[in-house]
Protein chains: 2
Amino acid sequence: MYEVLAKSIREKVFLNEDEMQLCASFFTPKKLRKKQYLLQEGDVCRYTAFVEKGALRSYHVDKKDQEHLIQFAFEGWWIADSYSFLTEEPSAYNIDALEDAELLLLTLPAQEELLLKVPKMERYFRILLQKSLIAMQRRVVSSLSYTAEEKYIKLMEAYPNISQRVAQQQIASYLGITPETLSRIRKQLASGK
Amino acid sequence: MYEVLAKSIREKVFLNEDEMQLCASFFTPKKLRKKQYLLQEGDVCRYTAFVEKGALRSYHVDKKDQEHLIQFAFEGWWIADSYSFLTEEPSAYNIDALEDAELLLLTLPAQEELLLKVPKMERYFRILLQKSLIAMQRRVVSSLSYTAEEKYIKLMEAYPNISQRVAQQQIASYLGITPETLSRIRKQLASGK
DNA sequence: TAATCTGCTTGATTTAGATCAAGGGTATTT
DNA sequence: AAATACCCTTGATCTAAATCAAGCAGATTA
């Protein structure tokens, strides 16, 4: 159950077996069925979730009822609404499972105690956040600088297997375009290059 | 010279005077004139900069020579191209001063040593990154979910004084719209609401 | 097996915002 | 004080992508 997490941690900091065990003890395992919510708009985000298996997404629903995908999370990734998690204010986002999933949940008090007992984990989270920030920043640049087609190509280069895991409408939502536009782009790329 | 930094640190972690002094010793002060570069595209980003005074921006120039503003940085903020800083690969971005500025620079080796000598700073940087990530995420949601006008209104709500500090074209670039469109939006909002 | 969903495609039309172009005001430079 | 640069505004036109609308194939359910 904790292999993926242990691997994620060991890539960034050195923990001995005891520390790793202690660390694991702060997490609660949870299984999620496809389409099941981990977080619904209006609720406080009580967990940061580590994905051991499966796939989740976080998304925002605008006033025209359109979904906008904020983040995918596959094996080895974390997902949450950090703002709601930290402030305990109701979330404006939703998180649900795109596939059946196995998660390891960490509450805010558990995280705080974990960081007290295993201070090396400060480093783990710092490095993690650094990487997330770089990815987010890249996405901002992408949304500012590129056309729909360029954004799609860049996404496919960065995550070549993503189209095997998630529906095209999810990818369209992530890119900030409509499924129709994505379909036309793919047609265009498939034909005359 | 280090007051703003010391305040930023004390808001997040407790350091005694000695630790604070030690901490400060890893930074190099630097003054930048308006329009002067801190980082140019193609160079490796050798510093993360803490802004003690003044204002900077990071931006990307696309193939049509258009600038896209990634981030503003005023007093108390950090700025860098984290990707280039961490990987030592050439940066795709530029950073320059919007106003004369006073910076405190931290190189990667200096940061590493700082974190070794003052491990509490892991926590400082973690908290900092958490906040940056939340802000970035909000920006992604904004770019996916809102119209130009809504994005502008939200920016003004979040940073009411920004228009006194930076030119409208910079704000337009940050929002991902043209200066013409921003001008029209402002006219619209000023008149009949 | 038929029936209802769900996801994808394709076509016609619309639209938000971009682009192109010009003019005016206010700093900054000479 | 003139010259130059920079920034903002306004108008006319264009365009990438959205919206609206159908139809179809594969999966799920009855």
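Every chain is numbered from 1, with letters handed out A, B, ... down the list of sequences.
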ask   = How long is the line joining NZ of A:Lys64 and C1' of C:dT15, in whole Å?
value = 11 Å
request  = Check if the side chain of A:Glu180 and the base of D:dC20 share a donor-acceptor pair of N or O atoms closer than 3.5 Å.
outcome  = yes
request  = For A:Ser145 and B:His60, test the side chains for any donor-to-acceptor distance below 3.5 angstrom and give the result as yes or no.
outcome  = yes
query = Of all the choices, D:dT9, C:dT19, D:dA18, which nucleotide is nearest to the side chain of B:Arg184 once you look at every atom?
reply = C:dT19
ask   = Where the side chain of A:Arg186 is concerned, which of C:dG7, D:dA17, C:dT9 is the nearest nucleotide?
value = C:dT9
task = May I ask you to evaluate whether B:Thr178 reaches the phosphate of C:dA18, defined as a side-chain N or O under 4.0 Å from OP1 or OP2?
result = yes
request  = Starting from P on D:dT28, measure out to NZ on A:Lys34 and report it in whole angstrom.
outcome  = 8 Å
message = Can you see if the side chain of A:Ser183 gets near the phosphate of C:dT9 - specifically, an N or O under 4.0 Å from OP1 or OP2?
response = yes
message = Looking only at the side chain of A:Thr181 (C-beta and beyond, no hydrogens), which of the listed nucleotides C:dT9, D:dA17, D:dG11 gets closest?
response = D:dA17
remark   = note: B:Leu182, atom CG; C:dT19, atom P; distance rounded to Å ~ 15 Å
ask   = What's the closest nucleotide to the A:Gln168 side chain, out of C:dA18, C:dT9, D:dA18?
value = C:dT9
query = Counting any heavy atom closer than 4.0 Å, what does A:Gln66 reach on the DNA or RNA strands: base, sugar-phosphate only, or nothing?
reply = sugar-phosphate
Minimum-distance nucleotide to B:Ala167 side chain [options: D:dC8, C:dG17, C:dT10] = D:dC8
key: For atom CD of B:Gln188 and atom P of D:dC8, their distance in whole Å   = 19 Å
ask   = Looking only at side chains, do A:Arg138 and B:Tyr83 share a donor and an acceptor under 3.5 Å apart?
value = no
ask   = Quick one: is C:dT10 close enough that its OP1 or OP2 comes under 4.0 Å of any side-chain N or O from A:Lys187?
value = yes
request  = Round to a whole Å and report the spacing from CG of A:Leu175 to P of D:dA16.
outcome  = 18 Å
Any donor-acceptor N or O pair under 3.5 Å, side chains B:Ser84, B:Tyr93 = no
inquiry  = When you compare the side chains of A:Asp43 and A:Tyr37, does any donor N or O come within less than 3.5 Å of an acceptor on the partner?
reply    = no
request  = Assess the side chains of B:Gln170 and B:Arg57: does a donor N or O sit below 3.5 Å from an acceptor N or O?
outcome  = yes
request  = Measure the distance from CD on B:Glu149 to C1' on C:dT15 and round it to the nearest whole Å.
outcome  = 15 Å
